[in-house]
Amino acid sequence: MKFNVSSKTLYSYVSAVSKVINSKNALTILNNFLFELSDNTLTITASDLENTLVAHLEVMDAEGEGKFCVDARRMVDLLKEMPDQGISFDINDDNLAVEIVYPSGNYSFIAINGNEYPSNESVDESTDIIEFTCPTEQIIKGIDNTLFAVGNDDLRPQMMGILWDIKPDAITFVATDTRKLVKYRNAMSAPGVEGSCILPIKPATVIKNVFAKEDEVKVTLEPKSATFESPSYKFNCRFIKGSFPDYNRVIPVKNPYAITVDRQSFLNAVRRVGVFVDQGHGLVKFKIEKDQLTMKATDNNFCTSAREVVPCDFTGTEIIIGFSAPYLIEIFNTISTTDILIKLSDPSRPGVFVPSENSENSELLMLLMPMTVSDF
């Protein structure tokens with residue numbers, strides 16, 4: 001087999017596909033890429049048995065066809081350091097000796113038989129298959145807004161992923177770790193179908209990184225897995241089994257207190273005050289009065305304290321409530337509008353954080369459980 005390809009083009013594909021490979025694999029063969037040549041198309045596959053990512057790219061002057069495995073780390077590191085120019089691969093079909101040649105040098109190594117690479121493609125004859133095509137931006141925005149809120153408790157595996165609640169007119173992305181919850185609804189395109197799945201963190205991160213430059217993605221949901229496909233990439237991943245909690249039940253409907261704050265001013269103040277919190281719980285106390293919000297943190301172990309006042313738009317009776325500083329910073333980093341609206345009912349009920357104005361075709365809502373505050 002022989003083929004020529006641009007070094008930087010090949011590098012962009014292998015570096016993307018390599019994101020699926022674990023640092024430690026149960027099978028040694030999974031440390032490799034599977035290269036498959038057919039006509040003038042080179043297919044690159046990487047897998048960790050749960051997730052499989054395939055890339056297709058056009059090569060030049062191809063001769064022969066077949067498949068072979070090459071060490072993924074060595075291939076990525078080599079191509080990363082190569083100048084941007086054409087390189088040629090020459091593979092001996094008998095002993096799988098590979099020689100990579102470019103004007104300034106050549107590299108040789110022995111490949112592994114491609115037939116040894118495991119395949120997790122199973123023929124699912126179920127009729128319960130959902131297909132739709134949507135803009136990549138719609139998916140990536142959903143992942144960006146919810147990924148930070150995914151839980152990490154092994155006892156609650158259903159919360160260790162992002163819920164995709166797909167309706168005919170929109171997709172709602174939800175994540176929660178019981179302390180915070182994010183609900184992001186995007187109607188940029190209408191799927192026209194109905195279904196749901198829980199996508200683990202690793203596949204969500206792969207989709208965000210690999211498909212960012214693609215315009216559209218075709219999504220196929222089967223009973224146990226999902227496939228995301230674009231002209232360049234095809235990604236198959238397993239779902240998290242189980243039922244996601246009913247997220248609408250925990251969102252307070254009546255919130256008599258509404259506070260509007262400048263996002264950057266509030267975020268900077270919480271970051272400063274957060275330096276002085278007790279690291280065990282990260283509690284920051286808030287006293288909300290007319291036109292101003294006072295925040296305070298103490299750490300009795302080191303006899304430190306901090307206090308800041310931030311302007312706000314609030315009309316109502318004084319309320320005192322406590323929140324975790326790290327969680328507040330995550331929420332205010334994720335919401336991007338200039339002002340943020342905070343809705344409260346009482347110090348024991350969750351606080352609702354929403355943008356002052358939602359962007360077109362989207363609706364973002366974040367929930368944060370308060371912490372017990374005895375006094376201010």
Side-chain angles (χ1 to χ4, degrees), residues 144-146 148-149 175-184 250-359 362-376:
D144 280 340
N145 282 301
T146 54
F148 79 93
T176 182
D177 62 358
T178 71
R179 289 302 308 274
K180 55 185 180 289
L181 179 145
V182 181
K183 173 188 173 185
Y184 176 73
V250 300
I251 300 174
V253 178
K254 295 181 180 179
N255 299 289
Y257 300 102
I259 307 102
T260 303
V261 295
D262 178 81
R263 186 187 76 88
Q264 199 61 55
S265 298
F266 184 92
L267 178 58
N268 292 339
V270 172
R271 281 177 173 155
R272 291 189 293 266
V273 172
V275 174
F276 294 86
V277 299
D278 186 324
Q279 297 301 317
H281 47 65
L283 171 65
V284 176
K285 301 175 183 178
F286 296 89
K287 180 192 283 186
I288 304 163
E289 305 167 278
K290 183 180 180 181
D291 299 332
Q292 75 173 29
L293 182 152
T294 306
M295 60 183 76
K296 187 163 69 171
T298 57
D299 186 349
N300 295 326
N301 296 323
F302 296 96
C303 299
T304 60
S305 64
R307 177 181 177 276
E308 286 228 16
V309 177
V310 176
C312 69
D313 183 4
F314 172 65
T315 53
T317 56
E318 175 187 299
I319 183 171
I320 296 173
I321 194 167
F323 289 111
S324 166
Y327 291 159
L328 278 175
I329 290 170
E330 287 179 328
I331 287 174
F332 275 70
N333 272 331
T334 305
I335 300 176
S336 59
T337 52
T338 304
D339 295 327
I340 292 179
L341 179 63
I342 306 171
K343 301 177 182 179
L344 304 172
S345 54
D346 66 66
S348 64
R349 298 282 292 161
V352 178
F353 300 79
V354 296
S356 57
E357 185 178 353
N358 280 300
S359 55
S362 69
E363 181 183 337
L364 178 61
L365 179 147
M366 300 192 182
L367 207 68
L368 181 60
M369 291 297 295
M371 302 178 72
T372 304
V373 177
S374 54
D375 55 14
F376 187 75

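Along the sequence shown, residues carry numbers from 1.
Residue M371 comes nearest to S324 through the heavy atom pair SD-N, 3.6 Å, listed as atom of the first residue, atom of the second, then distance. Residue C312 comes nearest to L293 through the heavy atom pair SG-N, 3.9 Å, listed as atom of the first residue, atom of the second, then distance. Contact record, P326 with G282: CD-O, 4.2 Å, taken as the closest heavy-atom pair. The two residues L328 and V270 have their closest heavy-atom pair at CB-CG1, 4.4 Å. The two residues L344 and I321 make their nearest non-hydrogen contact at CD2-CD1, 4.0 Å. Between L283 and T372, the shortest heavy-atom contact is CD2-O, 4.1 Å.
Using modelled atom types, one side-chain atom of S362 and one backbone atom of S359 make a donor-acceptor pair closer than 3.5 Å. Between the side chain of S356 and the main chain of D339, a donor-acceptor pair closer than 3.5 Å is present. At least one donor-acceptor pair closer than 3.5 Å links the side chain of N358 to the backbone N or O of L364.
Results of the side chain to side chain contact (heavy atoms under 4.5 Å, CB included) test with M366 over I340, I342, T334 single out T334 as the only residue that passes.
Considering CG of L181 and CE of M369, their distance stands at 11.0 Å, rounded to 0.5 Å. To the nearest 0.5 Å, the span separating NZ on K290 from CZ on F314 amounts to 11.0 Å. The distance from the CG atom of L365 to the CG atom of L341 is 10.0 Å, given to the nearest 0.5 Å. For the atom pair OG1 of T294 and CD1 of I288, the computed distance is 9.5 Å after rounding to the nearest 0.5 Å. Distance check: I319 CD1 to K287 NZ gives 13.0 Å after rounding to the nearest 0.5 Å.
Two rings, from F353 and F323, have their centers less than 6.0 Å apart.
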Verify side chain to side chain contact (heavy atoms under 4.5 Å, CB included) between T298 and T304, making sure each step is shown before the conclusion.
CA-CA 6 Å; T298 57; T304 60; over 6 Å; no
Determine, step by step, whether I331 and F148 satisfy the side chain to side chain contact (heavy atoms under 4.5 Å, CB included) criterion, reporting the C-alpha distance in whole Å, the side-chain angles of both residues, the deciding distance to 0.1 Å, and the verdict.
CA-CA 9 Å; I331 287 174; F148 79 93; 4.2 Å; yes
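Counting heavy-atom neighbours within 6.0 Å of E318 CD, excluding the residue itself, gives a total above 12. The environment of CZ in R272 is crowded: more than 12 heavy-atom neighbours from other residues, nucleotides or ligands sit within 6.0 Å.
The closest side-chain donor-acceptor pair between R263 and N268, if any, does not fall under 3.5 angstrom.
Each side-chain hydrogen bond (donor to acceptor under 3.5 Å, both in side chains) pair with one or both residues in residues 341-354, not counting sequence neighbours, appears once here: D346-S348.
Ring geometry, F332 versus F266: the interplanar angle falls under 30°, so the pair is classed parallel (tilted spans 30 to 60°).
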